[in-house]
Each structure stands twice: as C-alpha cells, then as structure tokens.
Amino acid sequence: MRDARPSAIYLKDYRPPAFLIERTELAFDLHEDHAIVEATLHLRRNSGVAPEEALVLHGQDLELQWLALDGRELSAGEYSQSDDGLRIARVPQQFTLSSRTRIRPQDNTSLEGLYKSRTLFCTQCEAEGFRKITWYLDRPDVMAEFDVSIEADKARYPVLLSNGNPVAAEDLGNGRHRARWHDPFPKPAYLFALVAGDLHSVDDHFTTASGRQVGLRIFVEEKDLDKCEHAMVSLKKSMRWDEEVYGREYDLDIFNIVAVDDFNMGAMENKSLNIFNSSCVLCSPQTTTDKGFQTVEAIVAHEYFHNWSGNRVTCRDWFQLSLKEGFTVFRDAEFSADMGSRTVKRVEDATVMRTAQFAEDAGPMAHPVRPDSFIEISNFYTLTVYEKGAEVVRMIHTLLGAEAFRKGADLYFERHDGQAVTCEDFVRAMEDASGVDLGQFRRWYAQAGTPVLSVAGAYDEAAQTYALTVRQSTPPTPGQAHKEPLLIPLALGLLGDAGNLPLQLAGAAPNVESADNTHLVLKVSEAEQTFVFSGVRERPVPSLLRGFSAPVRLEYDYSRAELCALMSRDNDGFVRWDAAQQLAISVLQEAEEQIHAGAAPVVDPLYLNACQTLLEDASLDAAMVAEMLRLPGEGYLAELAARRGGARVLSIHLAREAVHKALAVHAEAAWLDAYRRNAVNTPYAPEAGQIAARSLRNLSLEYLVLARDEHIALARAQFASAGNMTDSLAALKVISQRGSAAQRDEALDDFYRRWKSETLVVNQWLQVQAAVPGEGALERVQGLLQHEAFDLRNPNKVRALVAGFANGNPLQFHRADGAGYRFLGEVIEALNTRNPQIAARLLVPLTRWRNYAGDQGPAMRSELECLAALPDLSPDVFEVLSKSLQD
Ligand code: TRP
Ligand code: ZN
C-alpha cells in the first residue's frame, strides 16, 4: 500500500499544468496474465512555465519497461520513479515521450484503471484511474486527442472498442486481431475508455434535429440481448429531450453503451463509449421492478447528458466536480419529471436529500458542494456534490426563471465549449445572460451544512395582514465554524378555509420573483426578515417551501390540525406530501417517547382519520397517495432523533411498528379496497399509470398483513401468481418480513430456484434476506457470504447484502453485543486494499456514531478505532476513519 498517512490536497493550491498534451497515442496488447501499454504523448510546455521546470507524470502500480524522449531511449539516470509517478528533470519546450508499460488487469480488484470483469476487459478512469494504465498527466485540465489501437485474441475478444470513430480493423493471422479508434474531441484522461470481449449488441439509430444519423449500440453478453430495449428507448428519449430543452445535439456518428457486471458506481460517461453497471442498463418486466426501469431511464439520460455537461465542457480540477455532476443531475431530474410524474419525482428527490444528504451534511464528512480539500477524491462522489449540487442549480433556475436560465446555459456552453472550467464560470454565465446578481448566492458552493429556516406567522385580524418572520442559520461543520446568511428562494402560498388565498405582498415587491395569484417565491437573504401580506381575510395556514424550493430544514410550529388542512387541501402537491410526512413524524415521535417512558403508545385519531380519508379518495393520484401514506424509515427517524438528544434504536423501531399497525387496523377495509381497486389487468408496462397503481397496491399489502395475520394469504397468492418483478418482489418482502419462518423460507427458496441464473435478480434476493428481522438475522447474512450467489469482488453483491444489512436492518445491525458493527468492520477490513472505494463507502453507517444514545454510539466508535489501528489502510478508508474519529 501507499503512505499510511496520506495528506490532503487543497483547492487554494491549484496551479495550471506545467505541460500540455496535444495528442495521445495508445497501443494496448491484451493477454491473459498481463497487458502491454505503449504510449506516445505529444507534449508541450505550457506558456509562462520556466524552461528548467521538470516533467512529472502520474503513474500507479505500473511496471515501466522502456522510455524514450523524441525517439531516444532514456537511461536510468535521466528519470526517476516514485510510488505515484515519474519525473524527468530535463525536457525541451516541445517533444514526444514514448513509454512501454506492463500492467496486470486480471489482478486489478479495485475496478479502477484497466481491469477484468468476468470475461471482459474494461476501464474505469474517473477520477484518477488512468494513472493505473500508463504514465500521464492525469488531471482534467489536460485535454488531448486520442488515437488508440487494441490488440487481443480474436476468439475471446471479438469486440474491441474505444472512444470516437473506428478507423481500422485487421486480422493479425495468429489468432489475434487489432482495432484502431480515433476520437476527434480533445478530452481529459478520465473520459478515456476501452472494452474488449465477446459482446453482442442491440443496434438502432437516431436522427438529430439537423438531420444527422447517429448509430446507437448497446453491447451486452448474448444472454442479455433481450433486456436492452428499455435502455435504447431511454437513450433516444434523452437525445430528443436535450435537443428540445437545451438545444444540444449529439456530436459524433456513433454512441455506444456497454454493460459490465463488476462496477463501483452506476455508470460512466466516457466519450461515445458509456460503460454501465449492468444493473443500470438491463431491464425486463420479468426481472426488473418499476423502480429499476425508472433508474435505468434516469441513468441512461444522466450519462448521455454528460456529453455536453461534462465532456464538451469539463471540470478544471476535481474540486469542481459538481460543475458537471450537479448540473447533470438537475438535467436528468427534469428529464425524469417530464417523462413521468413531476410531483412524485420531486418527492423522491426531496426524500433523498432529507434522509441521506442532510445526514451527510450533519456528519463528520460534511463538505461544501465545491469542497476545498480532500485526501481521496473518490470519497467525494457524494450526495452533497451530486444531489445538493443539483438543488443549487435548481435554485438558480428558480431565481432566474426558465427562459433566462436557458439563455445562461446557452452562454455557458458557447463560451466554454472545449474547455475545462469551474463552478464560478457556470455561475458567471448564468449572471451574464440574465442580469441577475448571484453574488450572495455563491455561498451555496462554499458553505457546508444544511441551513435551518425557522418561520413564524402572525395574523392581524383588524388590519387583515399576515406577517411571516423568517430566520435562517447554518450549523457549524468540520473546519467551518462560522456561517454567513444565504440567498434562499422560499416558495409559498397561504391556505384558507375554502382554498388557497390570493397573495399581496405589502411594500416589498422586489422579493416577489414570480407570481400567479396564490403562489410566489420570496428571496430570503438576511439572518432575519419579515414579509407582510395584506388583504388577508382570514387566518391562513402557510404552505411553505413548495416544491422543496431550497435544500433547507424548515421549522414551523404547525398544529396537527393545520398539517391535516395542508395535507388534504393545499394546491401544491409537494406540500401536501410534506404535511403528511410531518404529521406522521409528530405521531411517531410521540409514540417513541411514550414507549421510552414505559407506556403503551397511543396514536392520535386525527392522524388515522386523515390517512383514511386520503386512502378512500379514489380520485387522487395513486402514486401520491402511496407516498403520503408511507411512513418515514427508521434510519431517518434516528437522524431526526439525534437532533433531539440521541437516537434510541429499539424504541424508534417499536414506535414505527405501533403506528404502522394502528394505521393498518384503523383503515383495514380501505386498505383492502385499495388493494383490489389497484390491480392492473393490462399487460405490464413501466408507465406512470401502472406504476402508480402497483405502488399503492403493494403498500396496501404491507398494511393489510399487519392488520390481520390471515392477510399473509394475499401476499402468498400474489407471490405465486405475479407476472412481473415489481409484484413478485413486493410479495416476497412482505412474506419474508411478516410471515412465519416456514412461509419465509419456502418463498425465499422458491425465488432463488426460479432466478438463480439471473444475477441481478439474485442480488435483490440477497437484499431481501439482509432485511429479514429477528434474532438470527446477522447469522443469516454471515452464512450468505459463503453462498454460491455471493462474491466479495462484486460491488453490487456487497451493496445488496452487506450495505443492505447495515441500512435495512437497523435493529439487528445495532445489536446490543456489537456483533453487527464487528461484522461490517470485518467486511471493510477484507475490502480495504482489494477495493478501497467500496470499503470506504461501507463505512458510512458507522460514521453516524454520534447520533446514537446509550452504549451504541461508543460501540460504533470503538469499531472505527479498531479499523483505524489496521496496517496498510488505503487512503480512501483512512480519510473516512480519521475524519469520523476527529473531535
Ligand atoms: N461520472 C460518473 C457519473 O456519471 C461517476 C462514476 C462512475 C465514478 N464510475 C466511477 C466516480 C468510479 C468515481 C469512481 O456520475
Ligand atoms: Zn454523473
């Protein structure tokens, strides 16, 4: 391993590269036990760089065999090698550097660089994986035109792919063949890709707005050819959408997607050769859930959209990662909203923000959307950079309005096409195109932590005014004790007895950003501010943070009756959902306190009746009803409890069970009716109407089984007859959580026998088992580590089983004897050097140790200390451990 105490690098230390690479020629010779990489780099000293400055190239785990400058082989004394690179002291202004390097892709378990996934050779170069392929200036502000040749055994690797256009293919006679590719768009090394394998493709084409034909191909193993249609349809929809909404056309004649089984993340936007985790491409009604179909559509779109937001305009350095990720997540979220239900998509995204990103922002790894330092960049592919980054772009969209935002995007693409730029460049383009001053707004990029927006209302009946006082504050985060006020768009309405009231903001017109009669956006900019509405004829209930207009924690002291009013009558769908959530949380917190005090929990009938009314209203969108009646998870409740003095895992669990059961029993007849009413009788399609019906039907099933034991029969019947994976898996989950041991084991065995040849389905099966409640849960999970279906080298399986247990089985993960923590620690230890990226991600649940009351917090901490004492910590794991243990 490398240095045991890796050091941080800082944004403030950014310097332009001393050398640039104009052209990169790569020749790969792939063999079963090694690969040879020959590279010729056409280098030039950057302007203003002193002639005595040395050339320093990145390189990691490489065996240098030969090195030549302008064709002359360098002797050992003319260069020096270190753990992470190569240094040549004396080089001219402009020169070529040629190298031959030996690497071992088949031993590369980190899934970064060139590696083998089952029978395929493939690459993953973002962020700093290219340096594991050859000596290079592996930084995004060094962009080169690439010429690539790949040579390999023809029978095993009939398909040889790289970026750009194919320029030659030759049979070498000896059972080997070669392909040559040229990418005309200069790109940083992180966008390089190579694939070699026995792949088959589904082919289609797309005609761009200007009439060019683009060949589209999705490459998979032969057995998966029947699972590509949805990804292909999604790709074509994405291409059309980017033309219509952003005026962005595709720029090459081909666009390829390759599916691989072993992949650290979801997918990668390599220029014209996107590489996908197979779980994010392959779909069929039999094997894929509705959620899975939606994920594939969103990720195909995300990677495609990167062609402009990421590839044509890329990042200057990795501190700017959100420049491409935040913007691209915003783009894919809007695409998904346009393809399905906008409100449901917004609810899903707000849920991720509140349950996971807020937790990150409140934890030891908290960092700004544009971090100012890191030890290992792989640890910063976070919810903050991606999702909060997207929320920041969304707020710019809200503040500017759709039209000015589009002008800003046009200016950004025009001004910076072919460049590597910063978040500041993005904001400036938005400002220049719109004339809107985003000076204060920029703090969103620099300041970590979730702002708290505390709102209070005062109604003056005589004056018919309503005053809203808004206070904002952001809690301190590691390294940032003091925070400045932010510019926060606060979308709102006022709800009266007979519906939403017309709004008239007294005297403060500049704060009205956009207005119809009942909806407006306030620009909150100070630590404390009061907004007065006039002509308010009755005491209103404020409908706040509509559409989740900013990534903040909203505090307003609503009564339960007010929440019921918002939940049933407000004209903003997001606020209706949010009110249902707040009501559920207040009922759950009350039950938790009762249980903790040794009393039986009592569930407020106001809540139960409001839920029943909602459920009985068949005119509502079933998807929204399901989202409103789904109780917040135990992990989120623990996070909220941490802010109120410490989470008590057991009483949170019991409280949630009690409220769940109370709502099940109270509305049993309505649940049964919803279950029947939402049966889908048409052939499976992953479209909004069917997805909505299945989601409410399967939620009803969960409640029914809690209402009365006999209803397990409904689950078993659904499991036996389901014709799609959504219904089958939903039934399996209910049976495995709520059925008898015999019913559970029978269903699980049945499912495995049926699906053992479908890896992605087997992974779902692993995840269902990770969440099976009760005492033997940990032992079951440990047993599954030895199962033929498990493989520690495959990140999807580790996520399903190990992360599935830590996140999906809170009671057993937090076992009093600490065995759950020890188990997670052992897996992290096993992966620390083998796959550092995955090992570091598995640490996240333990980093929340400060949230837990009683003995649990210290027990989690001592597991972290145990891991910190290990020798050979990877920089990835070291960074998360050291930050989590800092006082
Ligand atoms: N850029 C990829 C995306 O679209 C993220 C990614 C894929 C990645 N694979 C990776 C990041 C491996 C780090 C390591 O979001
Ligand atoms: Zn991305």
Side-chain angles (χ1 to χ4, degrees), residues 60 108-115 117 122-133 138 140 163 187-195 234-235 238 242 257-281 295-315 318-336 352 369 371 374-390 393 795-796 798-799 831 835-841 874-876 879:
Q60 203 183 311
N108 180 356
T109 56
S110 68
L111 312 187
E112 190 188 29
L114 176 62
Y115 65 95
S117 173
C122 64
T123 54
Q124 171 54 41
C125 295
E126 189 177 3
E128 298 179 337
F130 193 79
R131 62 189 64 184
K132 297 173 98 178
I133 295 175
D138 188 9
N163 317 87
K187 64 170 176 292
Y190 85 87
L191 290 172
F192 167 78
L194 172 157
V195 172
S234 303
L235 175 59
S238 309
D242 214 14
I257 286 177
V258 180
V260 306
D261 282 339
D262 303 287
F263 204 70
N264 280 345
M265 307 268 280
M268 179 63 213
E269 70 266 22
N270 317 301
K271 184 77 185 186
S272 75
L273 180 53
N274 286 190
I275 299 183
F276 274 60
N277 187 323
S278 52
S279 71
C280 300
V281 203
T295 302
V296 167
E297 182 183 77
I299 296 187
V300 167
H302 179 97
E303 305 310 332
Y304 174 73
F305 296 155
H306 268 316
N307 190 54
W308 277 96
S309 48
N311 302 1
R312 290 288 289 256
V313 181
T314 194
C315 302
W318 292 119
F319 298 102
Q320 318 297 329
L321 180 58
S322 197
L323 172 78
K324 73 179 178 78
E325 296 304 345
F327 189 21
T328 304
V329 171
F330 172 70
R331 277 151 55 71
D332 84 57
E334 284 297 292
F335 167 77
S336 295
V352 169
V369 165
F374 58 74
I375 292 175
E376 172 51 64
I377 183 58
S378 299
N379 285 331
F380 287 79
Y381 287 75
T382 58
L383 291 157
T384 300
V385 166
Y386 276 64
E387 316 303 323
K388 186 177 181 179
V393 175
N796 290 353
V798 173
R799 279 187 278 263
L831 286 171
N835 189 332
Q837 287 182 15
I838 300 298
R841 276 171 198 272
S874 57
D876 311 59
E879 176 168 40

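These values consider heavy atoms only, across backbone and side chains, with no hydrogens, waters or symmetry-generated copies. Just so you know, ligand 1 is whichever comes first in the structure, and atom 1 is the first atom listed for that ligand.
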**Request:** Compute both the distance and the angle, then confirm whether Arg331 meets the cation-pi test with Phe335: under 6.0 Å from the six-membered ring centre, within 45 degrees of the axis.
**Result:** no

**Message:** Strictly by salt bridge (charged side-chain N to carboxylate O under 4.0 Å, His left out), give each pair with a member in residues 270-279 just once, sequence neighbours left out.
**Reply:** Asp251-Lys271

**Neighbour list for ligand 1 [protein residues, heavy atom under 4.0 Å]** = Gln124, Glu126, Phe263, Met265, Ala267, Met268, Glu269, His302, Glu303, His306, Lys324, Glu325, Tyr381, Tyr386, Gln837

**Request:** Look at the aromatic rings of Tyr190 and Trp318 and report parallel, tilted or perpendicular, splitting at 30° and 60°.
**Result:** perpendicular

**Complete:** Among the N/O/S atoms of His306, the Zn ion (ligand 2) lies closest to NE2

**Request:** Using the side chain to side chain contact (heavy atoms under 4.5 Å, CB included) rule, pick out the option among Val300, Asn311, Thr328 that qualifies with Phe305.
**Result:** Thr328

**Asked** With Lys324, which residues qualify under side chain to side chain donor-acceptor pair (under 3.5 Å), at least two apart?
**Response** Glu126, Glu269

**Item:** side chain to side chain donor-acceptor pair (under 3.5 Å) assessment of Glu303 paired with Asn274
**Value:** CA-CA 7 Å; Glu303 305 310 332; Asn274 286 190; 5.9 Å; no

**Asked** Among the N, O or S atoms that Glu325 has, which is closest to the Zn ion (ligand 2)?
**Response** OE1

**Asked** side chain to side chain donor-acceptor pair (under 3.5 Å) with Asp332: which residues, sequence neighbours excluded?
**Response** His302

